[in-house]
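Comments concern the structure below.
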Amino acid sequence: MNRLHDKVAVITGAGSGIGRAAAELMSKEGARVVVADHDTRAAEETAALITAAGGQALPLTVDVMEEDSIADMISATVKEYGALHVLCNHVGGTNPRTDLDVLRMDMDEFDRAVALNMRSTLLGSRHAIPHMIRAGGGSIINTASVAALVGDVLQTSYGAVKAAVVSITKSVATQYGPQNIRCNAIAPGAVVTPALENNLPQEVVDSLKRGNALPYLGSPEDIGHTMVFLASDESRYLTGQLLVVDGGMTAQSSAAPGRRAMLPA
Ligand SMILES: NC(=O)c1ccc[n+]([C@@H]2O[C@H](COP(=O)([O-])OP(=O)(O)OC[C@H]3O[C@@H](n4cnc5c(N)ncnc54)[C@H](O)[C@@H]3O)[C@@H](O)[C@H]2O)c1
């Protein structure tokens with residue numbers, strides 16, 4: 001219940017999906033939560049869910065594509081709650097209709113992907129770190145993806161920028177470890193959120209399920225629980241790492257689903 005007692009956590013993209021689940025779970029563990037999203041109404045909805053459950057939440061409108069907006073989000077957090085201990089750089093993604101293979105990908109979409117996923121992660125950390133140093137330490141949690149680890153037939157930009165998120169994670173962990181700041185990344189596999197449901201046809205969703213070792217896809221809470229662990233002092237010796245939370249998608253051989261049929265009954 002109180003694994004995050006006394007901690008102040010900022011979560012970007014907390015108006016929906018994994019970010020909303022993480023915000024609610026962190027609040028249940030006693031954190032004061034800043035719910036940051038460019039969709040103001042969605043941020044307010046998440047904050048209302050948290051306060052209705054007895055927690056403390058501050059909804060903020062942020063566009064992580066803009067450095068000034070990130071700077072304002074961090075200052076507003078410290079102004080409201082007096083400190084900052086946890087930052088989840090969670091916003092990300094690309095448009096799968098224009099983020100295609102190398103020959104056909106849209107280079108404007110590539111530039112947007114860099115700004116939305118990679119630059120935003122770097123800038124979030126840059127503005128949060130001085131406050132974390134003042135607080136005696138902190139935990140930065142970056143959302144990568146299994147796309148950083150394996151090739152795909154499309155979403156070339158997505159894989160590249162998520163791999164860069166992992167690299168930034170290791171740089172921050174190395175550079176600010178001496179000031180007791182930890183930085184880790186999570187690579188979710190397929191998680192059932194509006195992003196997944198709106199972008200993928202049902203046959204792709206079915207094939208994702210077959211590709212997991214476990215017989216189901218992830219829920220936003222599955223990733224949120226991992227974020228709570230990384231935010232808490234239970235993970236105090238864990239830094240610079242990528243935690244892959246993917247139902248076994250990247251652990252099993254691509255031959256495994258077909259070979260199951262070869263097993264004796
Ligand atoms: N859902 C999955 O299967 C999956 C898998 C791997 C990684 N991820 C990663 O998880 C993160 C979010 O995914 P989700 O599934 O929670 O998505 P989601 O679409 O449910 O939520 C994303 C939130 O980010 C907000 N947002 C978008 N652009 C923004 C901006 N410029 N500034 C501020 N807020 C902005 C949206 O309003 C929305 O509330 C992304 O980094 C994504 O790459 C998701």
Side-chain angles (χ1 to χ4, degrees), residues 10-25 34-47 49 59-74 76 87-96 99 109 111-124 141-150 152 155 157-166 168-169 185-200 204-205 207-209 211-212 216-224 226-227 242-247 249-250:
V10 174
I11 303 164
T12 68
S16 169
I18 298 167
R20 173 173 284 181
E24 291 189 272
L25 290 169
V34 174
V35 176
D37 204 288
H38 75 163
D39 182 337
T40 305
R41 224 174 60 187
E44 285 170 356
E45 270 172 27
T46 303
L49 288 169
L60 284 183
T61 307
V62 65
D63 181 357
V64 301
M65 304 278 277
E66 301 294 334
E67 180 165 9
D68 288 351
S69 185
I70 291 175
D72 290 348
M73 168 184 79
I74 300 293
L87 170 66
C88 301
N89 289 308
H90 178 65
V91 170
T94 59
N95 181 347
D99 182 12
E109 176 60 20
D111 292 341
R112 203 185 76 87
V114 169
L116 187 71
N117 295 267
M118 179 180 152
R119 194 167 178 275
S120 67
T121 297
L122 191 67
L123 289 173
I141 302 162
N142 297 326
T143 301
S145 166
V146 289
L149 303 174
V150 293
D152 206 339
Q155 289 203 285
S157 306
Y158 188 62
V161 294
K162 290 301 193 182
V165 166
V166 178
I168 292 167
T169 300
I186 299 178
V191 179
V192 183
T193 62
L196 182 129
E197 286 174 321
N198 297 338
N199 285 318
L200 297 183
V204 178
V205 175
S207 79
L208 285 170
K209 211 187 265 186
N212 277 359
Y216 45 83
L217 296 180
S219 70
E221 289 73 21
D222 290 326
I223 309 303
T226 310
M227 290 166 115
L242 175 67
L243 298 194
V244 181
V245 187
D246 70 349
M249 179 198 278
T250 54

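In listed order, ligands and their atoms are each counted from 1. Sequential numbering from 1 along the given sequence is applied to the chain's residues. All heavy atoms count here, side chains included; hydrogens, waters and symmetry mates do not.
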If you have a sec, work out which protein heavy atom is nearest [atom] and how many Å separate them, to one decimal?
atom                    : result
atom 15 (O) of ligand 1 : Thr193 OG1, 2.8 Å
atom 27 (C) of ligand 1 : His38 NE2, 3.4 Å
atom 6 (C) of ligand 1  : Pro188 O, 3.4 Å
atom 17 (O) of ligand 1 : Ala195 CB, 3.6 Å
atom 40 (C) of ligand 1 : His90 O, 3.4 Å
atom 3 (O) of ligand 1  : Val191 N, 2.8 Å
atom 42 (C) of ligand 1 : Tyr158 OH, 3.6 Å

* Asked: Is it true that Arg20 lies under 4.0 Å from ligand 1, counting heavy atoms only?
  -> no
* Asked: Does ligand 1 have an atom that lies less than 4.0 angstrom from a heavy atom of Ala144?
  -> yes
* Take Val91 and Leu116, measure what side-chain contact (heavy atoms from CB on, under 4.5 Å) needs, and give me the verdict at the end. => CA-CA 7 Å; Val91 170; Leu116 187 71; 3.7 Å; yes
* Which of the listed options, Asn117, Asp37, Val62, holds the heavy atom that is closest to atom 38 (C) of ligand 1? ->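 Considering heavy atoms of Asn117, Asp37, Val62, the nearest to atom 38 (C) of ligand 1 sits in Asp37.
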* Just go through Gly13, Gly189, Ser16 and tell me whose heavy atom is the nearest to atom 24 (O) of ligand 1. => Gly13
Are any of the N/O atoms on [X], whether in the backbone or the side chain, positioned under 3.5 angstrom from an N/O atom of ligand 1?
X      : answer
Thr143 : no
Val64  : yes
Ala42  : no
Gly92  : yes

Only one of [options] forms a side chain to side chain contact (heavy atoms under 4.5 Å, CB included) with [X], so which one is it?
X      : options                        : value
Met73  : Val64, Leu60, Thr61            : Leu60
Ile186 : Asn142, Asp246, Val245, Thr143 : Val245
Ile18  : Thr226, Ile223, Asp222         : Ile223

* To do: Enter the distance from Gln155:CD to Asn95:CG here, rounded to the nearest 0.5 Å.
  => 8.5 Å
* **Distance (rounded to the nearest 0.5 Å) between Leu196 CG and Leu217 CG** =>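 One gets 7.0 Å once the value is rounded to the nearest 0.5 Å.
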Which bit of [X] is near ligand 1, meaning a heavy atom under 4.0 Å away: side chain, backbone, both or neither?
X      : result
Ala14  : neither
Asp63  : both
Ile18  : both
Leu116 : side chain

How close do [X] and [Y] get, counting heavy atoms only, and between which atoms?
X      : Y      : answer
Tyr158 : Gly93  : CE1-CA, 3.6 Å
Gly13  : His90  : O-CD2, 4.0 Å
Ala22  : Met227 : CB-SD, 3.6 Å

* To do: Report the C-alpha distance between Thr169 and Leu242 in whole Å, list the side-chain angles of each, state the deciding distance to 0.1 Å, and finish with yes or no for side-chain contact (heavy atoms from CB on, under 4.5 Å).
  => CA-CA 8 Å; Thr169 300; Leu242 175 67; over 6 Å; no
[X]: numbered ligand 1 atoms lying under 4.0 Å from its heavy atoms:
X      : result
Ser145 : 6 (C), 7 (C)
Leu196 : 3 (O)
Gly17  : 16 (O), 20 (O)

* Asked: Just by modelled atom types, is the Ala14 backbone N or O under 3.5 Å from a matching donor or acceptor in the Thr46 side chain?
  ->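 Yes: the side chain of Thr46 pairs with the backbone of Ala14.
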* Among side-chain atoms of Ser157 and Asp99, is any donor-acceptor pair under 3.5 angstrom? -> yes
* Got a salt bridge between Glu109 and Arg112, using NZ or NE/NH1/NH2 to carboxylate O under 4.0 Å? -> yes
